[in-house]
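In what follows, chains are A, B, ... by sequence order, proteins preceding strands, each numbered from 1.
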2 protein chains.
Amino acid sequence: MKMDRPPHLKDLEEDAEKQPFLPNYLLFLLASTSAAASAEFHATVREHGLRVPEWRVLACLHDEDGQMVTRLAGLALMEQSRLTRIIDQMDARGLVERRSDALDRRRVRVHLTGDGRILAEEMVQRAAEHEAALLSRLPDGKGNELRRLLKEVYRQFSGEAD
Amino acid sequence: MKMDRPPHLKDLEEDAEKQPFLPNYLLFLLASTSAAASAEFHATVREHGLRVPEWRVLACLHDEDGQMVTRLAGLALMEQSRLTRIIDQMDARGLVERRSDALDRRRVRVHLTGDGRILAEEMVQRAAEHEAALLSRLPDGKGNELRRLLKEVYRQFSGEAD
DNA sequence: GCCGAAACCATGAAATATCATACAAACTGC
DNA sequence: GCAGTTTGTATGATATTTCATGGTTTCGGC
């Protein structure tokens, strides 16, 4: 999604006619910050001929090859049926391949091909570089503080805390 | 988007065959946390007959009625052409209406109708309640800490810091 | 072992998003 | 005030996403 420059939240706050809601709404702050932080790198992703969901799949498989479709969809933040079709395309492009799980034949495991792995490694490398550049814009330590906090909050909100 | 239960990040970390990338990648943590935090409320949104982008538009107009299309698209995290069509639908449903700006006739200002305002107020109320419920799952103060940090980081990453 | 239920993945049909571009209005420098 | 540029919004054609559901395979209680 090609997005314009993010708007400034302050502008909303300046309209004092009544209590503004969004500038302090956590879900909005999370979504906006995520979008603002990702915009640049997502442009890079597209320049490499990938769409964002495809990049997410590559990154997930980079960390753990051969994941099943459902879990991959969860990690890559999309619906299962959408992932199925994205796998179709990535398969047709020779980036991944499906193998059925011998122990549970309902499951389909998605594996990187050689080309897929090369591309995944390159993109992960670029992502890491971009992340470093992003973090360098923040005061020292802020980045790690944010990471720690997000991990903790994710744990709570995703039910991992059970 | 109807999503399954979020996966547990730890699982990725447990695969020690090599350095996992995602569990510490800031953009991934932001996107995953945002998705996990929003999932419940987004279900509520759909139960009220709204899609997420429509809810975002209502929330934006709740804070500042009569915004122009471009800015609304930026705040609601979508492309302009998509917002144009969403406005079409919300207009047809009687939730918003377009008025052209007298001073700059290129601009189209989007206003809540009476019904739109009623729905916006109700949803904002529910969002606030849901947010309170979410925050109550976190240790005291974590929520505010996260908010402060996100605001600061958003400022940097969106270029508002210039 | 059998039966109903649940988990996993794929798919059709309809709705939606995207990209490029068109169109209109407002600026800019002259 | 005019030509060229930029800004703001809409739209057509295409590609994608979604929802509901179908087909398999496994699970659980009996």
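At a threshold of 4.5 Å between non-hydrogen side-chain atoms, the residues A:Leu150 and A:Leu30 count as touching. With contacts defined as side-chain heavy-atom distances shorter than 4.5 Å, the pair B:Leu119/B:Leu50 qualifies. When side chains are defined from C-beta on, B:Leu29 does not count as touching A:Leu146, because their heavy atoms never get closer than 4.5 Å. B:Arg85 is not listed as a side-chain neighbour of B:Gln89, based on a closest heavy-atom distance of 4.5 Å or more.
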**Prompt:** When every nucleotide of nucleotides 2-11 of chain C is labelled 5' to 3' by its protein contacts under 4.0 Å (heavy atoms), B for base, S for sugar-phosphate only, - for none, what sequence of letters results?
**Reply:** -----BSBBB

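Of the two residues near DNA chain D, A:Glu79 and A:Ala102, the one whose nearest nucleotide lies more 5' is A:Glu79. Taking the nucleotide of DNA chain D with the nearest heavy atom to each of A:Gln89 and B:Arg46, the more 5' of the two is matched to A:Gln89.
On the nucleic acid side, DNA chain D contacts chain A at distances under 4.0 Å to non-hydrogen atoms, with the end points of that region at D:dT16 to D:dT26.
Judged as a side chain to side chain donor-acceptor pair (under 3.5 Å), the pairs with a partner in residues 52-61 of chain B (not counting sequence neighbours) are, in order, B:Arg51-B:Glu54. Every pair passing side chain to side chain donor-acceptor pair (under 3.5 Å) that includes a residue from residues 129-138 of chain B is listed here, sequence neighbours excluded: B:Glu40-B:His130, B:Glu40-B:Arg137, B:Gln125-B:Glu129, B:Glu131-B:Arg147.
In this entry the distance linking CG of B:Leu83 with C1' of C:dT18 reads 14 Å, nearest Å.
The existence of a salt bridge linking B:Glu47 and B:Arg126 is excluded, since no basic side-chain nitrogen approaches an acidic carboxylate oxygen closer than 4.0 Å.
Scanning residues 51-58 of chain B for heavy-atom distances under 4.0 Å to DNA chain C yields B:Arg51.
End-to-end axis angle of the helix from C:dG1-D:dC30 to C:dC30-D:dG1, from C1' rotation axes over five pairs per end: 50° (rounded to 10 degrees).
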